[in-house]
Amino acid sequence: MLAGVLICVAGLLATGVAAIALARRREATPAIYGAALIASLAALGLALGALLGQASVPATLALPIGLPWLGAHFRLDALSALFLVVANLGGAAASLYGVGYGRHEEAPARVLPFFPAFLGAMNLVLVADDAFTFLFSWESMSLASWALVMAHHRRSGNAAAGYLYLLMASFGTLALVLAFGLLAGGSGAYDFAAIRSASPSALMGTAVLVLALAGAGSKAGVVPLHVWLPLAHPAAPSHVSALMSGVMTKVAVYGFVRVVFDLVGAPLWWWGALVALVGGITAVMGVLHALMEHDLKRLLAYHTVENIGIIFIGLGLALAFTANQMPAAAALALTAALFHVFNHSVFKSLLFFGAGAVLSATGERDMERLGGLIHRMPQTAFLFLVGSAAISALPPFNGFVSEWLTFQAILLSPALPQWLLKFLVPAIGAALALSAALAAACFVKAFGVTFLGRARSPVAREALETDRWSLAAMFTLAALCLVAGVLPAWFIDALAPVAQALAGSHLPERHGLDWLTIVPIAQSRSAYNGLLLFVLIALAAGLAALVIHRFASDRLRRAPAWDCGFPDASPATQYTAGSFSQPIRRVFGTVVFRAREDVEMPAPGALQSARLHVQLRDLVWEALYVPAARVVGFVADRLNAVQFLTIRAYLTLVFGALVTLLAVLAIWQ
């Protein structure tokens, strides 16, 4: 199966090369996306076979490429198989969506060559089994996605978004290079098998954890390393945004899990506290920023930050439970995190596809210029509503199950012996509950302002439903959101070999009718039956509809809405995204955003309109990145003199650097 996955990767890379020559032809778009779809589906089938087959011995393969003395090592185990499923499911959905959406692309020559290359690079990261191959694939993934972000570089802000993304990607790669350097040690054993067999000291393991959290976390979007994400994701084409948000961030999660759970060895208990705390802060900050947004794609990008925080909460809990020899609790927390990896990939791709359909139909991302689209785009509205319910953790959809499992893991925290964890984990649980509630409020705003009410602009009044290819991709993901929520035991059982390999235990597998119910701890404490809940919801909704239609008054049922005495009121008088988020902004804004509201009220009798100006500040950007930029600028100005040294001074500088490096190596050994 590993050889088959590598063949699929080769096919994707060959498709990218072919797209360079074919991109300007009219038939290139369906051909390139069709080829990417076939390769992704083939890799998805192979990954599913490897994951469900639960082979006891991982498949390995070594090729004579890469470093001369090392070669390139590849490995397919349960962890990589799971993330291959996530990556290729997202890749197949984006390729299917791109067959229709790509016809509207204004610069296909800038998108088509890099799209399959991006897919291939992500697959290579997931099967790499040595540090060089991993980092080479990681950088290829970053560069391909950067090229896709820059596809529309002439639009305002896109070039700056691409530049910031490249800087943060370089920082993340540097952190991972240092992490692998520490793991390799003086022997220089870069293959994962050798790294896995070594046992780093507690200090060395802590340094690797911090570097992995910085390197993989910057790509995933954890706070405060998230600043590139709300800029780069909206700048890319919508199906690429879905890949970056739904898949690439999960590849980053894979990198963190591979290093910390597999390569470093036994964790310390406070590692879990650190990772879970970062996850809790990330979840709350992400959803608060999303609530303030009017740009639909930026709102979705900030919700990626929130959901990455939820995933890292689960990973942190798994580390804490593992360090305290609680394998069953660790398996629960890890299963919750990995299940949310899958769930977020599905519903976030669905939501970005819906945003892309709105963008292609109206040319607008600003929710204040939309509205009423449920009449013009009913299928897109329905599918976006499904994604909104799933990301808001509402049953019976999949987002509820993984967040519920995370809460079940949090409820086990009193059994932890460390007092810091006894106090910290419940606080993180409160942050998770807050983020879930605010996410629901945010998507009431997003769906209501975008699809309900009346059209606020001519483009919204004249919008048309999207193409059938895009609808097919969205319906597929919407169905997965429902199936994973109604029958979650199927998916949890598939995660069992991953949890067993990393946590030493797994949730009990279901047999007979038990597969309808998941019991994470004990039947007496908690259980969830998705199918039963779905049936009850369907019966309640059907009964309510029947009662209303059969027993309600048979008089006039449709009438104009109450117009407050203004029968020809402007659509601008409707509730807006800004007015919806105003109460939350006034509660949290003074602390989180230093929000400031200025009202321009004209004098009595004046004909000018009143105006409200809202100023929000990004405190993370101002506290960390602005000072860092000033320091870099200051140092660069001072180092500018190096350009004008004499040849003698250059040779002295090189000799001094060589002596310093040799001294460091001598001390290291």
Side-chain angles (χ1 to χ4, degrees), residues 3-44 46 63 65-66 72 87-88 90-128 133 136-155 158-159 161-162 165-166 169 232 235-244 247-248 251 353 356 359-360 467-470 472-473:
V5 172
L6 293 177
I7 291 173
C8 293
V9 171
L12 287 169
L13 298 179
T15 302
V17 173
I20 298 174
L22 302 175
R24 298 187 182 278
R25 297 187 180 182
R26 186 175 182 180
E27 64 276 8
T29 294
I32 298 301
Y33 286 120
L37 173 62
I38 293 171
S40 296
L41 287 176
L44 174 62
L46 293 169
L63 299 177
I65 56 177
N88 288 289
S95 300
L96 179 60
Y97 184 88
V99 173
Y101 182 83
R103 295 174 181 174
H104 308 289
E105 176 57 51
E106 60 189 59
R110 293 182 176 272
V111 176
L112 292 179
F114 299 104
F115 181 85
F118 184 32
L119 294 177
M122 288 192 291
N123 278 274
L124 278 180
V125 171
L126 300 176
V127 295
T133 305
F136 179 82
S137 305
W138 184 277
E139 274 294 88
S140 300
M141 174 184 71
S142 299
L143 290 174
S145 56
W146 170 79
L148 291 167
V149 169
M150 293 294 291
H152 304 148
H153 64 286
R154 298 187 186 278
R155 294 182 184 174
N158 284 13
Y165 173 46
L166 199 60
S238 295
H239 59 313
V240 176
S241 300
L243 275 181
M244 294 179 68
V247 178
M248 187 182 72
V251 174
F353 290 165
L359 179 60
S360 62
D467 60 274
R468 65 181 186 276
W469 298 100
S470 301

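Counting from 1, the numbers follow the sequence of the chain as shown.
Contact detail for Pro113 and Pro108: the closest heavy-atom pair is CD-O, 4.0 Å. In this structure, Val9 and Gly120 approach most closely via the heavy-atom pair CG1-O, 3.7 Å. Of all the heavy atoms in Arg110 and Leu148, the pair that sits closest is O-CD2, 4.3 Å. Scanning all heavy atoms of the two residues, the minimum distance from Ser238 to Leu359 falls at OG-CD2, 4.1 Å. Contact record, Val111 with Ala151: CG2-CB, 3.8 Å, taken as the closest heavy-atom pair. The two residues His152 and Ala235 come nearest to each other via the heavy atoms ND1-O, 4.2 Å.
For the pair Asn158/Val149, no side-chain contact is recorded, criterion being any heavy-atom separation below 4.5 Å from C-beta on. Taking the side chain as every heavy atom from C-beta outward, Leu112 and Thr29 approach each other to under 4.5 Å. Using a 4.5 Å heavy-atom threshold, the side chains of Ser145 and Tyr165 count as touching. Using a 4.5 Å cut-off on side-chain heavy atoms (C-beta onward), Leu96 and Phe353 make no contact. The closest side-chain heavy-atom distance from Asn123 to Cys8 is not below 4.5 Å. Residues Leu243 and Leu119 have side chains in contact (heavy-atom distance under 4.5 Å, counting atoms from C-beta outward).
At distances below 3.5 Å, not a single donor-acceptor pair connects side-chain atoms of Trp469 with backbone N or O atoms of Gly98.
When each of Leu44, Leu126, Leu46 is checked for a side chain to side chain contact (heavy atoms under 4.5 Å, CB included) with Asn88, only Leu44 meets the rule.
The list of ring-ring contact (aromatic ring centres under 6.0 Å, His included) pairs with a residue in residues 10-37, not counting sequence neighbours, reads Tyr33-Phe115, Tyr33-His239.
Listed by chain and number, the residues in a side-chain contact (heavy atoms from CB on, under 4.5 Å) with Ala92 are Leu37, Ser40, Leu41 (sequence neighbours excluded).
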side-chain contact (heavy atoms from CB on, under 4.5 Å) evaluation trace for Leu124 with Leu6: CA-CA 8 Å; Leu124 278 180; Leu6 293 177; 4.1 Å; yes

